[in-house]
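Contents: one structure, followed by commentary.
Below, read A as the first sequence line, B as the second, and so on, with proteins coming before strands; counting in each chain starts at 1. Nothing here was measured: the structure is a model prediction, and the numbers come from that model.
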Amino acid sequence: MCGGRWCAMSLGWPRFCTRHFSPVASKVTLNTMSDTSLTPRVRFAPSPTGYLHVGGARTALFNWLFARHFGGTFILRIEDTDFERSSEEMVEGILEGMRWIGLNWDEGPFYQSKRLDLYRQTAEKLIASGHAYYCFCTKAELEQRRAEATAAGRPPMYDRRCRRVTQQDAAARKAAGEACAVRFAVPEESTTSFDDAVFGKVEFANSEIEDFVLLRSDGIPTYHLSVVADDIDMRLTHIIRGADHISNTPKQVLQYRALGAALPVFAHVPLILGPDKTRLSKRHGATSVMAYKDMGIVPEAFRNFLALLGWTPGPAHKDRELFSSEELVQLFSLEGISKSNAVFDNDKLAWFNTEYIRSYPAEKLLPLIEEEWNKAGFTPERQREETLATIDLVKPRARNLKDFASAFRAYFSDTFEYDPAAIAKFLKDETVRALLIELGARYAASPEFTEGSTEQILRSFAEEKGIKAGVLINGARVALTGQAVAPSLFAVMVNLGKERVVKRLSTI
RNA sequence: GGCGCCAUGGUGUAAUUGGUUAACACGCCGCCCUCUCAAGGCGGAGAGUUCGGGUUCGAUCCCCGAUGGCGCUACCA
């Protein structure tokens with residue numbers, strides 16, 4: 001016999017196995033961890049059934065901030081026990097999103113699909129102590145009973161009939177090859193409660209909790225079992241997760257008690273809603289974190305914005321919204337988490353983004369911009385120093401990183417498009433075009449080329465021609481940049497240099 | 001339906017935890033600046049704190065109820 005262990009590798013779980021059990025391999029403890037019992041251990045545990053979405057990202061961020069604040073450990077765990085819907089590609093997408101926001105983890109990623117022994121052992125323990133039992137009801141039977149119950153106006157909870165199956169009968173039926181799941185035996189009396197760090201005391205009547213499935217008939221654990229087994233095994237001290245898990249929590253509390261494990265601190269964070277106040281989903285537009293990268297959002301801006309969604313650093317900092325990563329880490333606390341759901345406001349995110357872009361020195365912006373340039377298949381035709389100076393010149397007008405590859409293209413390359421609307425607004429008049437060509441000749445003939453000289457030349461030229469300087473300025477702006485919007489014209493001229501200015505004025 | 005949670009301008013939040021003309025930011029509107037657009041400066045509209053009852057000398061804050069929203073209600077996570 002294999003020491004009384006159930007083996008997952010053999011067909012038709014559960015079945016004893018002598019081949020696959022080894023005390024070492026099945027002991028899924030994290031022996032690489034040092035004992036950090038005094039510092040918090042938290043985790044982000046996404047299910048790889050989709051990309052990292054903003055709600056998950058914020059949950060991850062809060063966990064990360066909490067861990068960093070206390071010098072604790074941030075663990076990444078992939079909850080991939082739903083083989084149907086999980087995929088490796090999605091895992092990669094999630095990791096990519098985490099990296100983009102700058103959330104580094106200390107342990108993991110751990111995959112639940114590789115820790116099945118732990119869950120089976122835990123289930124076994126629960127059965128041995130009488131806290132769980134085998135259930136031979138089939139899915140079809142359950143569905144039918146549920147439908148009947150609903151039709152009859154009764155709560156569609158499992159009727160606990162397999163709780164009455166004797167241990168001998170259960171063993172016999174299993175031996176005969178009958179498939180069975182493992183259910184937790186929820187006490188029928190009393191209540192189960194926990195003290196949530198955000199919501200306070202939350203209490204549920206046990207009569208409202210059904211005998212939930214721990215292990216499916218194929219031997220794969222359900223979420224209810226795997227979270228608890230892992231959270232205990234990984235010695236998590238705080239569980240910071242979405243408020244959609246509040247109703248699941250009593251099921252977990254019951255297991256902690258049955259297993260004799262200490263309860264972690266639960267902190268449920270409110271959900272993120274769309275503008276219509278329903279749970280944020282694809283209907284509201286981008287929900288994938290990486291979509292925001294693609295929109296030209298700076299990661300720090302995104303992180304800052306997310307941090308303030310459902311959390312506040314408190315009254316001492318109510319006059320500020322811009323916080324560096326270090327400040328967020330220093331200021332973060334569970335007490336600041338709000339209880340009510342928050343609406344994701346794109347306008348506010350856009351504001352954060354412009355603030356960050358504006359505040360970044362060109363050197364810091366450059367790599368981010370280069371990424372956009374690469375995507376656009378574009379290479380700037382200017383020297384590095386010129387490029388940096390140009391970034392500083394135009395960045396106050398940037399809405400996002402993509403602007404540097406589109407609207408601001410004329411500053412970095414001689415091949416750029418003229419915005420038709422800009423032409424229509426300031427360059428539709430042929431006489432203005434003619435004057436600009438003439439103006440270009442004046443510049444060509446002038447040895448000096450500074451903000452002062454270029455302005456003086458233009459203004460006196462305008463006066464000479466009896467035309468308002470503004471008309472030429474606006475026209476020249478379009479001719480030089482292709483846009484109706486730009487920094488001060490003469491600063492642009494000096495930035496581009498005499499040669500380009502003359503050429504662009506004369507070829508418009 | 002049952003159970004749970006939540007509720008301050010359009011949005012995110014604050015209000016020394018019962019005593020303020022209910023504050024800040026985003027957004028919006030206007031003015032100034034001006035070569036455009038941002039930025040910036042100045043000013044403005046917008047909540048009497050979901051509603052109704054209590055408790056109290058006094059409620060955004062405490063209690064009860066209602067309403068609304070959200071969540072859970074799977075051999076998903």
In whole angstrom, give me the gap between the [atom1] atoms of [N] and [M].
{"N": "B/C33", "M": "B/C42", "atom1": "C1'", "value": "11 Å"}
{"N": "B/G68", "M": "B/U60", "atom1": "P", "value": "24 Å"}
{"N": "B/U13", "M": "B/C57", "atom1": "C1'", "value": "32 Å"}
{"N": "B/G12", "M": "B/A7", "atom1": "C1'", "value": "15 Å"}
{"N": "B/G9", "M": "B/C29", "atom1": "C1'", "value": "15 Å"}
{"N": "B/A45", "M": "B/U50", "atom1": "P", "value": "22 Å"}
{"N": "B/G30", "M": "B/C72", "atom1": "P", "value": "43 Å"}
{"N": "B/A25", "M": "B/C32", "atom1": "P", "value": "23 Å"}

Donor-acceptor pair present, [X] side chain and [N] base, under 3.5 Å:
{"X": "A/E203", "N": "B/G4", "answer": "no"}
{"X": "A/D319", "N": "B/A23", "answer": "no"}
{"X": "A/K318", "N": "B/A25", "answer": "no"}
{"X": "A/S217", "N": "B/C75", "answer": "yes"}

Checking all strands, does [X] fall into the base, sugar-phosphate, or nothing category for heavy-atom contacts under 4.0 angstrom?
{"X": "A/C135", "answer": "nothing"}
{"X": "A/T81", "answer": "sugar-phosphate"}
{"X": "A/P396", "answer": "sugar-phosphate"}
{"X": "A/A486", "answer": "base"}
{"X": "A/E84", "answer": "nothing"}
{"X": "A/L142", "answer": "base"}
{"X": "A/P221", "answer": "sugar-phosphate"}
{"X": "A/S47", "answer": "sugar-phosphate"}
{"X": "A/G310", "answer": "sugar-phosphate"}
{"X": "A/P46", "answer": "nothing"}

Rounded off to whole Å, could you give me the [atom1]-to-[atom2] distance for the [X] and [N] pair?
{"X": "A/L306", "N": "B/G12", "atom1": "CG", "atom2": "C1'", "value": "12 Å"}
{"X": "A/L254", "N": "B/C72", "atom1": "CG", "atom2": "C1'", "value": "16 Å"}
{"X": "A/F184", "N": "B/A74", "atom1": "CZ", "atom2": "C1'", "value": "18 Å"}
{"X": "A/K277", "N": "B/U8", "atom1": "NZ", "atom2": "C1'", "value": "11 Å"}
{"X": "A/E143", "N": "B/U73", "atom1": "CD", "atom2": "P", "value": "15 Å"}
{"X": "A/H268", "N": "B/G71", "atom1": "NE2", "atom2": "P", "value": "15 Å"}
{"X": "A/F302", "N": "B/G12", "atom1": "CZ", "atom2": "P", "value": "16 Å"}
{"X": "A/F83", "N": "B/C75", "atom1": "CZ", "atom2": "P", "value": "17 Å"}

Could you check whether [Y] and [X], counting side-chain N and O atoms only, form a donor-acceptor pair closer than 3.5 Å?
{"X": "A/T390", "Y": "A/N495", "value": "yes"}
{"X": "A/H268", "Y": "A/T249", "value": "yes"}
{"X": "A/Y134", "Y": "A/K174", "value": "yes"}
{"X": "A/N63", "Y": "A/H238", "value": "no"}

Exercise. Examine distances only and state if a side-chain atom of A/K498 and a backbone atom of A/M493 form a donor-acceptor pair shorter than 3.5 Å.
Key: no

Between [options], which nucleotide gets closest to the side-chain atoms of [X]?
{"X": "A/K425", "options": "B/C72, B/C37, B/U11", "answer": "B/C37"}
{"X": "A/E208", "options": "B/G2, B/G12, B/C76", "answer": "B/G2"}
{"X": "A/V202", "options": "B/A77, B/C26, B/G4", "answer": "B/G4"}
{"X": "A/P315", "options": "B/A15, B/C75, B/A25", "answer": "B/A15"}
{"X": "A/A181", "options": "B/A7, B/C75, B/C72", "answer": "B/C75"}
{"X": "A/D347", "options": "B/C24, B/G27, B/G71", "answer": "B/G27"}
{"X": "A/T312", "options": "B/U11, B/U13, B/A25", "answer": "B/U13"}
{"X": "A/S338", "options": "B/U13, B/A77, B/G12", "answer": "B/U13"}
{"X": "A/R85", "options": "B/A77, B/U36, B/C70", "answer": "B/A77"}
{"X": "A/R279", "options": "B/U13, B/C70, B/A77", "answer": "B/C70"}

Phosphate OP1/OP2 of [N]: any [X] side-chain N/O under 4.0 Å:
{"X": "A/K348", "N": "B/G12", "result": "no"}
{"X": "A/R358", "N": "B/A39", "result": "no"}
{"X": "A/R146", "N": "B/C75", "result": "yes"}
{"X": "A/R397", "N": "B/G40", "result": "no"}

Partner nucleotide of [N] by Watson-Crick or wobble geometry (both distances under 3.5 Å):
{"N": "B/C62", "result": "B/G54"}
{"N": "B/A74", "result": "none"}
{"N": "B/G68", "result": "B/C6"}
{"N": "B/U36", "result": "none"}
{"N": "B/U49", "result": "none"}
{"N": "B/G43", "result": "B/C29"}
{"N": "B/C24", "result": "B/G12"}

Is it the case that more than 12 heavy atoms not belonging to [X] sit under 6.0 Å from its [atom1] atom?
{"X": "A/E84", "atom1": "CD", "result": "no"}
{"X": "A/E148", "atom1": "CD", "result": "yes"}
{"X": "A/R163", "atom1": "CZ", "result": "yes"}

Quiz item: Does NZ or CZ of A/R183 fall inside the cone over A/Y158's six-membered ring, less than 6.0 Å from its centre and within 45° of the axis?
Solution: yes

Exercise. For the residue pair A/F344 and A/Y292, categorise the inter-ring angle as parallel (less than 30°), tilted (30 to 60°) or perpendicular (more than 60°).
Key: tilted

Self-check item: A/L489 or A/L308, whichever maps to the more 5' nucleotide of RNA chain B
Solution: A/L308

Practice problem: Nearest-nucleotide wise, let me know which of A/R399 and A/L309 is further upstream toward the 5' end of RNA chain B. | Solution: A/L309

Quiz prompt | Anti or syn - B/G48, cut at 90° from 0 | solution = syn

